[in-house]
**Student:** 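Input: one structure, supplied below.
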Amino acid sequence: MTLIPLLTLPSTLDYVAVGLLFLAWAGTGWIVEHPPASRPSVTTLMVAYRRSWMQEFVLRNPRLFDAAVVNSLRQGTAFFASACMIAIGGGAALIGNPERLHGLASDLTLPAGTSMLELKVLLVLFFVGAAFLKFVWAHRLFGYCEILMAAVPNDPEDPEAYPRAAQAAGINITAARSFNRGLRAVFFAMAALGWLLGGLALILTTLATICVILRAEFASASREVIMGRDPGRR
């Protein structure tokens, strides 16, 4: 019976792959949030719509629709935060039970020792933890947005109406930015799972994740619709 060694050090390929993963995480976030003026991302395009929403909110009566929309956004962030908590708990339990982790490595014939597998699981948990924090903060910000919206006067002629609506829009945009960052962290947590199969697999899953995110933000059918184009004519 061949035992997997308890101590395995990362190879040069592992260091390169993990470095690429973090660089991709930071780089895609920057590109999505600061795209070229000639090619805005879906994230930046939605900023204008969120501001327009709050402008229309001032004139809408009753405002039950707006409250329902914000509530659905909060429910979405709560769902993802709860899912991240479950994933963190499962990963922590796995790391806390070396025998089970060793057995899992043996069953899946993963090319690493127990200590190395713990490191790989920790990498996944890092991104899941980052996503959890972003989702929790987004949930709180959407709550702030609801309060600011409730403070907007019902009279459009009130001098405080549009300034407060603009404040609500700003908080809404900030909440959405945090939510999107949480989603990207989830994507890269999935990419980090590739490391379980080795450094080369991690590089491939990282590149695939970059393509998925950039396509969704810059070349998707939904982007064409948001820009007022017919996606069927692409």
Side-chain angles (χ1 to χ4, degrees), residues 8-36 38-46 76-77 79-88 90-91 94-95 101 104-105 107-113 116-135 138 176-227 231-232 234:
T8 304
L9 297 178
S11 65
T12 301
L13 182 60
D14 289 323
Y15 285 118
V16 171
V18 173
L20 176 63
L21 179 69
F22 280 98
L23 182 62
W25 180 38
T28 53
W30 174 264
I31 293 173
V32 166
E33 295 180 5
H34 304 85
S38 59
R39 187 140 187 113
S41 63
V42 171
T43 296
T44 55
L45 289 171
M46 289 304 298
T77 57
F79 169 79
F80 280 104
S82 298
C84 287
M85 286 187 66
I86 294 173
I88 292 171
L94 186 62
I95 291 176
L101 187 60
L104 177 64
D107 293 339
L108 299 180
T109 63
L110 297 177
M116 190 66 177
L117 281 172
E118 290 177 347
L119 182 61
K120 293 178 178 181
V121 173
L122 281 174
L123 179 65
V124 176
L125 291 182
F126 169 81
F127 285 101
V128 175
F132 170 74
L133 293 176
K134 291 299 180 182
F135 289 137
R177 183 185 303 118
S178 184
F179 180 79
N180 289 333
R181 289 175 177 175
L183 285 180
R184 285 197 297 273
V186 170
F187 276 109
F188 282 102
M190 298 296 293
L193 288 172
W195 199 17
L196 293 173
L197 300 177
L200 181 58
L202 177 58
I203 292 175
L204 294 176
T205 54
T206 299
L207 294 177
T209 301
I210 293 173
C211 292
V212 169
I213 293 176
L214 294 184
R215 183 190 179 281
E217 290 286 344
F218 296 100
S220 61
S222 57
R223 180 181 181 277
E224 296 298 308
V225 173
I226 292 171
M227 296 191 70
R234 293 196 304 164

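By convention here, the first residue in the shown sequence is residue 1. Predicted model only: the values in this text are computed from it and were never measured.
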**Student:** Just to verify, what does Phe218 make a ring pair (Phe, Tyr, Trp, His ring centres under 6.0 Å) with, not counting sequence neighbours?
**Tutor:**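 Ring pair (Phe, Tyr, Trp, His ring centres under 6.0 Å) check on Phe218 returns nothing, list empty.
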**Student:** Is the shortest heavy-atom distance from the side chain of Phe80 to the side chain of Phe179 under 4.5 Å?
**Tutor:**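 In short, these two side chains touch, coming nearer than 4.5 Å.
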**Student:** If you define the side chain from C-beta out and look only at heavy atoms, does anything of Leu123 sit under 4.5 Å from Phe22?
**Tutor:** yes
**Student:** Treating Thr206 as the side-chain partner and Leu202 as the backbone partner, does any N or O pair qualify as donor plus acceptor under 3.5 Å?
**Tutor:**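 Looks like yes, one N/O pair under 3.5 Å.
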**Student:** To check you understand the geometry: which heavy-atom pair defines the closest contact between Ala191 and Thr205, and what is its length?
**Tutor:** O-OG1, 2.8 Å
**Student:** With rounding to the nearest 0.5 angstrom, report the OG1 to CD1 distance, Thr28 to Ile213.
**Tutor:** 4.5 Å
**Student:** Can you confirm whether or not the ring centre of Phe126 sits under 6.0 Å from the ring centre of Phe188?
**Tutor:** no
**Student:** Please round to the nearest 0.5 Å and tell me the distance separating atom OG1 of Thr209 and atom CG of Leu21.
**Tutor:** 8.0 Å
**Student:** Test: side chain to side chain donor-acceptor pair (under 3.5 Å). Region: residues 178-194. Which pairs qualify, not counting sequence neighbours?
**Tutor:**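 Sorted pair list: Glu33-Arg181, Glu33-Arg184.
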**Student:** Mark yes or no for whether Lys120, through its side chain, and Trp195, through its backbone, hold a donor-acceptor pair below 3.5 Å.
**Tutor:**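 Answer holds: yes.
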**Student:** Minimum heavy-atom separation for Val186 and Cys84, please, with both atom names.
**Tutor:** CG2-SG, 4.4 Å
**Student:** Count the heavy atoms of every other residue, nucleotide or ligand shown that sit under 6.0 Å from CE of Met46, and state whether that count exceeds 12.
**Tutor:**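 Correct, the count exceeds 12.
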**Student:** Taking Glu217 for the side chain and Val42 for the main chain, is one N or O donor matched with an acceptor at less than 3.5 Å?
**Tutor:**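 Confirmed, Glu217 side chain pairs with Val42 backbone.
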**Student:** Does Phe187 have any ring pair (Phe, Tyr, Trp, His ring centres under 6.0 Å) partners at least two apart in sequence or in another chain, and if so, which?
**Tutor:** none
**Student:** What distance do Leu45 atom CG and Ser222 atom OG have between them, rounded to the nearest 0.5 Å?
**Tutor:**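 OG of Ser222 is found 10.0 Å from CG of Leu45.
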**Student:** Shortest non-hydrogen contact from Ile203 to Ala17?
**Tutor:**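 Closest pair (atom of Ile203, atom of Ala17, distance): CG1-CB, 3.6 Å.
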**Student:** If I compare all heavy atoms of Pro40 with all of Pro35, which pair ends up nearest, and what's the gap?
**Tutor:**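 Between these two residues, the closest heavy atoms are CA-CG, 4.0 Å.
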**Student:** Identify the two heavy atoms, one from Ala189 and one from Val128, that lie closest to each other, and give their separation to 0.1 Å.
**Tutor:** CB-CG2, 3.8 Å
